[in-house]
Amino acid sequence: MSANENTVESFRETFRRDQVWPFLTPAQTKVNVDNQMILYVEDLNLSFDGFKALNNLNLYVNDGELRCLIGANGAGKTTLMDVITGKTQCDSGTVFFGQTHNLLNKDEAAIAQLGIGRKFQKPTVFEEQSVFDNLELSLKTDKGVLPTLFSRLTPTQIDRIDEVLKIVGLAKHRFMLAGALSHGQKQWLEIGMLLAADPRLLLIDEPVAGMTPQETEKTAELLTSLAGERTVIVVEHDMEFVRSIARTVTVLHQGSVLAEGTMDQIQSNRDVIEVYLGESEIAEGEEV
Amino acid sequence: ADTIKVGVLHSLSGTMAISETTLKDTVLMMVEEQNKKGGLLGKQLEAIVVDPASNWPLFAEKGRELLTQEKVDVIFGSWTSVSRKSVLPVLEELNGLMFYPVQYEGEESSKNVFYTGAAPNQQAIPAVDYLMNDLDVERFVLAGTDYVYPRTTNKILEAYLKAKGVAAKDIMINYTPFGHSDWQSIVSDIKKFGGEGKKTAVVSTINGDANIPFYKELGNQGISSEDIPVVAFSVGEEELSGLDTKPLVGHLAAWNYFQSVESDANDEFIAKWKAFTKDSNRVTNDPMEATYIGFKMWANAVTDAGTTDVDAVEQAMIGQETPNLTGGIAVMNKNHHLSKPVLIGEIQDDGQFEVVWETDGVVAGDAWSDFLPGSKDLISDWTAPIKCGNYNTKTKTCSGQVY
Amino acid sequence: MISINKVDQLYGGTQILWGLDLEIEPGSITCIMGRNGVGKTTLLKAIMGLLPIKSGEITMHGQALNKQSAEKRAYSGIGYVPQGRDIFPMLTVEENLRIGLPVRSKRTKDSPKDIPEKIFELFPVLKDMLHRRGGDLSGGQQQQLAIGRALVLEPTVLILDEPNEGIQPNIVKQIGDVILKLNAEDGLTVILVEQKLGFARRVGKEFRLIEKGRVVASDKMENLDDSLIKQYLAV
Amino acid sequence: MRHLIALCCCLFGLLSFSVYAAESSPQDSLLTELVGAKLKNMTPILEKLANTQGEAILPLFRILLGGDLYYIKADKSLVGQFDEQGNTVYKDVFSQVVVPNLSKKDVKKIRVNNTLRGYLRNAIAQIQLTAKSPELRQSAVRELLSKLDKDTINLIEALYPNEANKKVKEAMGLALSMYAATSIDLVPSNRLVAIERLSTSLEGDVRNTLTKLMKDENPAIVKAASEALENIAQRANRFAFIDQLFFGLSLGSVLLLASIGLAITFGVMGVINMAHGEMIMLGAYTTYVVQLIMPNYIDYSIWVAIPAAFLVSGLMGVLIERLVIRHLHGRPLETLLATFGISLILQQLVRTIFSPLNRQVSTPSWMSGSWEINPVLSLTLNRLYILAFALLVFIALVIILKKTSLGLNVRAVSQNRSMAKAMGVKTNWVDAMTFGLGSGIAGIAGVALSQLTNVGPNLGQAYIIDSFMVVVFGGVGNLLGTLVAAFSLGIATKFLEPTTGAVLAAIIVLVFIILFIQKRPKGLFPQKGRAAE
Amino acid sequence: MTRLTEWFSAGRSSGKHTLPFVVILLTMTLLASAANLFLPADSALYVSTYTITLLGKYLCYAMLALAVDIIWGYCGILSLGHGAFFALGGYAMGMYLMRQIGDRGVYGNPLLPDFMVFLDWKELPWFWLGMDHFWFAMLMAVVVPGILAFVFGWLAFRSRVTGVYLSIMTQALTYALLLAFFRNEMGFGGNNGLTDFKEILGFDLQADSTRVSLFMITALLLAVLFVVSQRILSSRFGKVVLAIRDAESRSRFIGYRTDRYKVWLFVYSAVIAGIAGALYVPQVGIINPGEFSPINSIEMVIWVAVGGRGTLIGAIIGAILVNYAKTRFTAIMPDAWLFALGAMFVLVTLYLPKGLMGLYAQMMAKRRPAKTQESEA
Ligand SMILES: Nc1ncnc2c1ncn2[C@@H]1O[C@H](COP(=O)(O)OP(=O)(O)OP(=O)(O)O)[C@@H](O)[C@H]1O
Ligand SMILES: Nc1ncnc2c1ncn2[C@@H]1O[C@H](COP(=O)(O)OP(=O)(O)OP(=O)(O)O)[C@@H](O)[C@H]1O
Ligand SMILES: NC(N)=O
Ligand SMILES: [Mg+2]
Ligand SMILES: [Mg+2]
């Protein structure tokens, strides 16, 4: 009896008149940011063999914002990015890109095609290909199999790659194999790949690790200039760097948000000082 | 050329090397012996050995190499049916001559091949007769490796047994892949099948490497030859030499030759073989005898024809007679198959067979089985006027291809 | 203590180190600095014996290291914390630390069955993580593990390649403290590659500036002035 | 009743006669008739001998049954061939006195065939019904179950009341019941009781008897028989399941042995070791050579062969590692190529040294035969030992890898070679030892396999694919996975085989593995963690 | 259409050996063919039919190696089961040739192949229908391997089966097919397979002209497939494929659905293998389940490795060279050739890690050490 009802129910559900079947809805690539918000992360939970890496995490990021994400090692920053970009499945929670795109039911490629770009903590580039090819592969184009097979570089695309090469300072190395770059150069190449992809939302994990102070400064400038048109989320432990770019800072701790606010607010937050900054951070920062 | 070239087309590596290497050595021994006697037609013989490496297409390629590059006058070669089938078109195209020394499923007769091994009627049928008449067997397990020789043989046997009134439920058929090594369940099934009140025997067309684990399992599960005798068509002295035969004493094999048969010719052959291989433990077996007979007949035919020309030798071959190593005379028939005696032997604990039964006189090899619907009307006769390997006696035509 | 004489090194066809000379005093903390790609990591690997050098000489206590394999150098007392940490990812934290125990027992002559408690005093987080896979740890935790792992060897020279990359500020400070403490208490010689000036200044006693595979300036850390920084570290 | 008394007298007479006969030599005329008799004519002679000589003829029958009866060509006297510490000696059949100075040339074998053997077995059983040892008596009764004729039954009936041993008595009772059940001249109620009694037995002969009774004219008998059969079938089925499970475990243990070495060289070290099969083969050939060296101590040869095989294969493994694999670190795919080349070379090497023919490896007596639990369930001893052995090897290996530093070091080396070096791990040594260990264990597997299958140049080829399949199915780098995979594949195959046949079962298992890997792309026990992604 | 021609005329640096290679290949083919057809048999330059057939076989293997290299060298998918696609292509051709025998089989049955007659089959199984039409059979020779590759690849790549797991699964695939085709019930002739072919498209298979034509067609197709593959792999598609080989998950994060790329490349590779198989069968005259043997598939990988993984020319040269070595070794030293072949594999791995093409590149680099860097710019 109830089984019967269930069938009827599910039949009704299937043929609801107020809804279209998912496969009939036109693929939406436009990001709806009507209410200013581009990324909603709500009640995110994730554990690895019992270890809670994300714990009821909530995060809201406005369109065009440059958001800094800090937090102790192991707080879950990288894991959060993994969930947003589809690398890791979360246990529960919601992640929306704009108002319409539920990121949790999309795979990595779909998410990337929506315009979410990512730079990894450990630089990963295509080592066996030239710096140029690395950038070409990242260009914002149709990434389907057939279009890729028949595509050729347009002059504008070549200009774009050249421009990026100049920005990341690898113009001289354009035909070098990416694998032969030093650690810092790979960092730059990865930033370049992000730029070439021209994403809407950039997730940048520790961009200045291994960079000299001057390079760090340059990166700061670059990221600040990107914000506005794009949304940028940066994870970094270099407080100096964070201070130089940050408007809003979110502090994660043990998988959830510990504090959020301006740099000054954060720096004077007792909790943050205790678990993250340490007592002498401010003093040390001022030294330079 | 100033030598007569003898091609040897046996696998020296790969899965079949186990069996075929022996035949290569046999041919080499025969060539050496013939040369000591002064060769043929005043020329020395020269053996050309190639290795088709148990790779079936390679048999065709190497066959072609032997015929066109080396220009051999005759080939001794092949063991598996598939390797023969592979080289066959090449032999026919280039009009070569090959001697095939292994028992096989029949259903073939080529102008260019002489079959010196047993056809099913020279091995399988007499063996089953023996089981039914002498051992009062009423149930049969037909166990074989899954390929054409066992399949065909079992088809023939099935038809034959049914014609003899054996019920379908008293016939169990089982196939296993090449090199099957885990026989526990099958042997246990056989044991069960045999334990149902009627005298049961296993007719084994299990080939090659699978035999040793099969017999080991038989021994260990305690199936004795008195309870359930196994009669095999592909297990000879050489296969037994890899086995501890104590638990297997009394199981049977049907062949045209056993090393244990006492005759002067055989003693001499065995002695020569041991000397040639410099191994006093080496055994002889049926395909070796078949190679021996084939070689002798060929040598005689060449002498008779006075040439190594294939067509002439082919005609001279028919009717050739050569003494068997086990006594009696083998005759080459018009269908390119031999008339040979059929022997049934029991395995002894020294790895030899004791003959327990033999046919009166010789049995003529039948190229086309009378027990298969497709071939019961076919005969093979390579003499004029028929000159056809597959002559249909009903329609009076040479069905299929005409060479 | 360690002296490096005219070392040339090539990757395939490209030369990275060009007749590099370097002298490390016992008990010093030497900070090696230079832009990305000048060959700092390459130099450290050459000292550790993980990269073959083409010519030149590396000695420790006057003994040539050149012909020694890397594992021998570990027994001689060099501890190495590589850039990128190189944790054994599928081993647990404990196993990562245990790897060095045989060397330690050889060097200290006592044969410890267990990881020295000192490591956990320096990096308490490792104690909590003892049974987790090294590869699962966050970057900062891995960094602490890498340093702890090198310390298990009870080294006399500790080589650190950008140990603060990706480390939270209070731990950065802690690592600095650890280095200073080990140096002061145990007389540990430290070779440190560091980009962050603040840290370099706080921890380093000496500096060496590298440019295109050569040492171009070396002095006490106090003497690292803006002009040098501008010349060799600015982009 | 008179019958019985007569028979008893007869029996006593026979016994006393045999006591007497044992002292003097049996009738020579009959014995010489044996020499040179045609196989067909031998049965009557033997019958006569049995009837006249009774138990005294047993030694002759036993020797003849074993195929060890010879006669001396010179004087046509009978001798038995015996094996004493590797030497063939000939003894007088009855007095067991060694006949000196006889060589193989001086004697000739007296042949036996199946028919004769069948007769001999039965005759021996008849005589042995009165043997001293209860085991012998029991097996004699069981032997006779298949051929219960009036005489035998009378004999058993006479012996039954005085039989002291419970098991023998039971067996005798069974024989009597079988006879009673089939005796049409008996009252049906007695037959029904007999049938009832039969329904508790699992003997095959009992089932045959009951099956025959299904054709009886009396419907009550038929019904009882069918019920009894039903009963038996139910019990037998339960044992059949155990049987099948054992087959599965046994196949699993073979797979485990074959793949466990690979689980180290491939699973832990990451070398795609195509020469793994040849390491097994070397172990098997080592067993052969060991038996060649100590032909008189076959029973102990295995204990020598196991360490020897471990050393031979292990050293070969070390050699391969030092000469080839060492140069291929970080290039796992190339190890496939090089080890494939090595496997070709090793195969051809044994072909050259030992010939392409299979070599004979004997089974020690303690490993032959089977452990008969009941008439429908018997486990073959060699497989039982191999199963235990496989588990033992597995446990030993786990201990080595868990409790010694080798285990830790090899994992470290395989995960990050240069960092391991920097931590003072002697990577060269670790590599050589690990590869040697994996190869050595493959060699041990070869010893076990030599007891089951061909010892020939292709032995390795037969197992290499299965080994890789097992390791991958279990999850690369996980020893427990290898164990579980081996046993589950073994059991699955054996439970499929009865319905599908061996070929189809193999195909189904392969397809299953392919589909399973879609569900779990890293095998049964995948490596977990961030780094595994 | 214009896009297509444009695409073909494109081509970048990597193809700089393409033209000379194709020219050499085709010239040699023409010369050998002419030498066989037009020179008298006793001429010094005469190329025997045996050699032509042998060369034809080598070229089929070369095509197969090309297929393996595309998937392994460029995409990092080590297939240990490419023999399966080759064999399926071969069986399709074999079935066609079998049907062409018509009533000239030994039993003279116009409909059923001989093996079916003596196994007492009454009618042609459904999958044999239509195989008497050449073009349909040829379609099957590419479609069947293609579909198998698609289904297998779709399952495996979508569930992210990679590395050795994938390799062993491909091995399981070909092994399962091996066992299946051994079964006589399957209707493919069991262990004996299909043989005794008479003619193809009405041409006598044993005629020299037919053999030479088959040889030339093989060479031509090899050249075409080589060029097409070269183009595909130097397109952006090719770069994506390389990216997948070196860092698959990274490629996903920049928006490529790597599973689809892999599936289509796998299908393409399987189709090439199928074509190679279809060309192979009429030239060697038999197809049987042995072609499915996993060892065969491993050997293919070795040809590629010997020639140089990741270079199409290397794969072709490797296949021809290894097989030539096999032919020579088995004839020169029938008892010891495995030593030579085994040693060759070991030595190549040790001393030529990038295969023969790597050696060639090294030699070229030595000859003009300075130029390389700039010439790319
Ligand atoms: N695949 C995984 N398996 C097990 N644990 C994991 C996995 N991925 C992440 N973790 C755990 O989740 C926690 C959060 O890690 P995460 O890398 O997100 O930290 P983080 O904030 O990026 O730190 P850092 O600043 O050091 O990079 C860590 O404790 C880590 O051990
Ligand atoms: N495996 C390699 N093959 C070829 N060239 C390399 C390799 N590794 C590094 N290089 C090159 O050697 C140079 C020095 O590299 P190295 O890693 O020593 O730099 P670094 O000073 O440590 O830089 P960073 O501060 O970025 O870590 C770089 O230009 C790099 O391109
Ligand atoms: N012809 C055989 N035995 O294959
Ligand atoms: Mg992180
Ligand atoms: Mg560095």
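Quick note on labels: first sequence line is chain A, next is B, and so on, each numbered from 1.
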Contacting region of [X] [heavy-atom separation from chain D under 4.5 Å]:
{"X": "E:Arg160", "result": "backbone"}
{"X": "E:Trp72", "result": "side chain"}
{"X": "E:Arg309", "result": "side chain"}
{"X": "E:Thr162", "result": "side chain"}
{"X": "E:Leu338", "result": "both"}

(message) Using side-chain contact (heavy atoms from CB on, under 4.5 Å), reason through E:Leu173 and D:Ile514 one step at a time and then give a plain yes or no.
(response) CA-CA 7 Å; E:Leu173 177 74; D:Ile514 293 177; 4.1 Å; yes
(message) Below 4.5 Å, heavy-atom pairs only: which of E:Leu78, E:Leu80, E:Ile298 has the largest tally toward chain D?
(response) E:Ile298
(request) Flag the one option from E:Ala176, E:Gly163, E:Ala172 with the top tally of heavy-atom pairs under 4.5 Å to chain D. (result) E:Ala172
Give the interface residues of [range] toward chain E, defined by a heavy-atom separation under 4.5 Å.
{"range": "residues 482-501 of chain D", "answer": "none"}
{"range": "residues 469-478 of chain D", "answer": "D:Met469, D:Val472, D:Gly475, D:Val476"}
{"range": "residues 254-284 of chain D", "answer": "D:Phe266, D:Ile272, D:Met274"}
{"range": "residues 338-358 of chain D", "answer": "D:Ala338, D:Phe340, D:Gly341, D:Ile342, D:Leu344, D:Ile345, D:Gln348, D:Leu349, D:Arg351, D:Thr352"}

(message) Can you give me the closest heavy-atom contact between D:Pro521 and E:Ser159, atom names plus distance?
(response) CG-O, 3.0 Å
(request) Could you walk me through whether E:Arg183 and D:Ile507 pass the side-chain contact (heavy atoms from CB on, under 4.5 Å) test, one step at a time? (result) CA-CA 11 Å; E:Arg183 285 164 54 84; D:Ile507 297 174; 3.9 Å; yes
With a cut-off of 6.0 Å (strictly less than), are more than 12 heavy atoms of other residues, nucleotides or ligands near [atom1] of [X]?
{"X": "D:Phe516", "atom1": "CZ", "result": "yes"}
{"X": "E:Trp121", "atom1": "CH2", "result": "yes"}
{"X": "D:Arg417", "atom1": "CZ", "result": "yes"}

(request) Could you check which of D:Gln518, D:Lys519, D:Arg520, D:Glu334 has the highest count of heavy-atom pairs closer than 4.5 Å to chain E? (result) D:Gln518
(message) Just so I understand: if I count every heavy-atom pair under 4.5 Å between each of D:Leu504, D:Leu323, D:Val511 and chain E, which residue has the most?
(response) D:Leu504
(message) Working note: E:Leu155 + D:Leu515, criterion side-chain contact (heavy atoms from CB on, under 4.5 Å); need CA distance, chi angles, decisive distance, verdict.
(response) CA-CA 8 Å; E:Leu155 282 172; D:Leu515 293 178; 4.2 Å; yes
(message) Before you tell me yes or no, could you show the steps for D:Leu510 and E:Leu179 under side-chain contact (heavy atoms from CB on, under 4.5 Å), namely the whole-Å CA-CA distance, both residues' side-chain angles and the distance that decides it to 0.1 Å?
(response) CA-CA 10 Å; D:Leu510 285 170; E:Leu179 293 174; 4.0 Å; yes
(request) Could you tell me whether a side-chain N or O of E:Tyr165 sits under 3.5 Å from a main-chain N or O of D:Lys522, the two making a donor and an acceptor? (result) yes
(request) Would you mind reporting whether E:Ile168 and D:Ile517 have side-chain heavy atoms less than 4.5 Å apart? (result) no
